[in-house]
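A short write-up of the structure that comes next.
Just so it is clear: chains get the letters A, B, ... in the order the sequence lines come, proteins before strands, and each one is counted from 1.
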Number of protein chains: 2
Amino acid sequence: MTALPNRDRRAERREATRQEILDAAWAIARRDGLTAVTLRGVGERVGMRAPSLYSHFPSKHAIYDAMFGRAWHDLIEALRALTPLPASPRRALLRAAEAFFDFAAADPARYQLMNQASIPDFRPSAEAYARSLEVYDLMRTELRALGVRSAADLDLWTGLLSGAVNQQLANDPGGTRWRRQLPRLVDMFADEVGLPTPRLRRAR
Amino acid sequence: MTALPNRDRRAERREATRQEILDAAWAIARRDGLTAVTLRGVGERVGMRAPSLYSHFPSKHAIYDAMFGRAWHDLIEALRALTPLPASPRRALLRAAEAFFDFAAADPARYQLMNQASIPDFRPSAEAYARSLEVYDLMRTELRALGVRSAADLDLWTGLLSGAVNQQLANDPGGTRWRRQLPRLVDMFADEVGLPTPRLRRAR
DNA sequence: GTCTATATTCTGATAGAC
DNA sequence: GTCTATCAGAATATAGAC
């Protein structure tokens with residue numbers, strides 16, 4: 001009778017513990033960098049000895065992998081939460097660009113895990129990697145809806161976005177020097193690929 | 001009589017050994033990543049035991065620091081070698097952009113050392129860091145000569161460039177997907193900041 | 001599922017002989 | 001200036017008691 005409820009409880013508890021472990025790993029990564037995440041450190045934060053973590057994750061890389069998948073999942077959610085986008089293509093692009101930018105700037109360690117191969121020997125699993133492709137698909141679909149079709153144009157857009165983010169994180173962390181350029185980038189891109197006016201900013 | 005010549009010889013030999021050590025470290029970094037550089041590994045390549053390296057560098061970080069400074073120095077040279085630039089501002093920009101791009105793409109590990117804080121606890125010395133500022137100055141001076149004066153415009157330019165490089169290294173290493181966008185980026189930038197036509201590519 | 005104890009391996013760095 | 005020997009510490013991971 002109580003067999004099923006108990007099993008649910010256990011599964012829930014187990015999942016909660018997994019989550020605590022991941023949260024601890026994120027906290028360390030944010031404070032001291034991705035490579036500062038150690039099993040001892042994580043264990044200490046969750047009130048466990050390091051070896052006990054192996055009851056929940058088969059290896060340290062599995063923890064990174066879960067973090068990687070989670071990060072991309074959260075980005076997907078952040079982008080999906082944008083719909084419905086403004087009817088104006090340029091306003092729609094700006095809204096999406098700002099969402100992406102803010103997601104990246106909110107957690108540089110997360111951005112580093114997602115985009116830069118910064119952990120020796122770590123390769124995301126196929127499942128986790130698929131989530132990053134999903135974001136790419138999402139962007140492509142969105143741009144297509146706005147009338148941007150060619151692969152080169154999509155590359156152009158991702159280049160503009162990642163450039164702004166990278167410069168912000170590298171040269172003005174916590175600031176807004178490149179975030180302020182987003183309306184300009186949107187106009188430049190929209191002009192280049194032939195999206196309708198009016199511009200967000202007045203032309204010079 | 002021979003005191004001075006001998007001292008020169010020794011200094012030369014010593015400098016040559018230092019260079020061999022750095023070359024070995026670069027080779028390892030290029031093959032297996034920056035963090036794969038170990039004193040034992042470097043020593044093996046130069047035919048020394050690890051402790052002997054301390055006769056030439058006071059610490060492992062000092063090796064990284066020399067590499068960092070050298071990388072920026074080489075970029076400075078690559079950029080200086082561009083003068084005289086084409087008279088056409090847009091062609092001048094394209095030439096500089098391609099030089100920067102190719103420098104980065106030629107050695108991703110070097111680019112990572114220069115731009116991303118990827119080695120735990122490593123901070124470049126003031127001397128080495130000054131070289132990176134020199135590149136920034138060089139770019140500012142060059143843009144100013146072309147008529148680009150505002151700090152925001154300079155930020156825009158560095159964002160466009162670093163975005164193309166980052167996407168190339170992350171998503172199409174060894175390829176040309178983003179390198180091909182450079183003429184387009186130059187035109188977009190030139191249009192935005194009001195540089196004279198004609199465009200490099202025809203407008204759409 | 002968590003623990004202690006330990007294996008294994010690697011790291012940067014130092015001491016001191018030669 | 002290079003060597004051997006070693007330190008001191010960190011890391012991931014495993015074995016097995018409870």
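Comparing A:M48 and A:R40 along DNA chain C, the residue whose closest nucleotide (by nearest heavy atom) sits nearer the 5' end is A:M48.
The interatomic distance linking B:L39 (CG) with C:dA13 (C1') rounds to 8 Å, in whole Å. Following rounding to the nearest Å, A:Y54 (OH) and C:dT6 (C1') show an atom-to-atom distance of 14 Å. For the pair B:Y64 OH and C:dT11 P, the interatomic distance rounds to 11 Å; values are reported in whole Å. Between B:R49 atom CZ and C:dA13 atom C1' there is a gap of 17 Å when expressed in whole angstrom units.
Taking a heavy-atom distance under 4.0 Å as the criterion, the stretch of DNA chain D touched by chain B extends 5' to 3' from D:dG1 to D:dA5.
Salt-bridge formation is detected for the pair B:D155/A:R177: a Lys NZ or Arg NE/NH1/NH2 atom is positioned less than 4.0 Å from an Asp or Glu carboxylate oxygen. Salt bridge status for B:R144 with B:D153: absent, with no side-chain N to carboxylate O gap under 4.0 Å. A salt bridge does not link B:E142 to B:R95: none of the charged nitrogens lies less than 4.0 Å from a carboxylate oxygen.
Aromatic ring orientation, A:F189 versus A:W157: tilted (interplanar angle from 30° to 60°). Ring geometry, B:Y111 versus B:F100: the interplanar angle exceeds 60°, so the pair is classed perpendicular (tilted spans 30 to 60°).
Note on B:T17: nothing from the nucleic acid sits closer than 4.0 angstrom, heavy atoms only. Backbone-only contact: B:T38 has heavy atoms under 4.0 Å from sugar-phosphate atoms and none from a base. Residue contacts shown for B:V37 are limited to sugar-phosphate atoms, with no base heavy atom under 4.0 Å away.
If you check the side chains of B:S125 and B:D65, you find a donor sitting under 3.5 Å from an acceptor.
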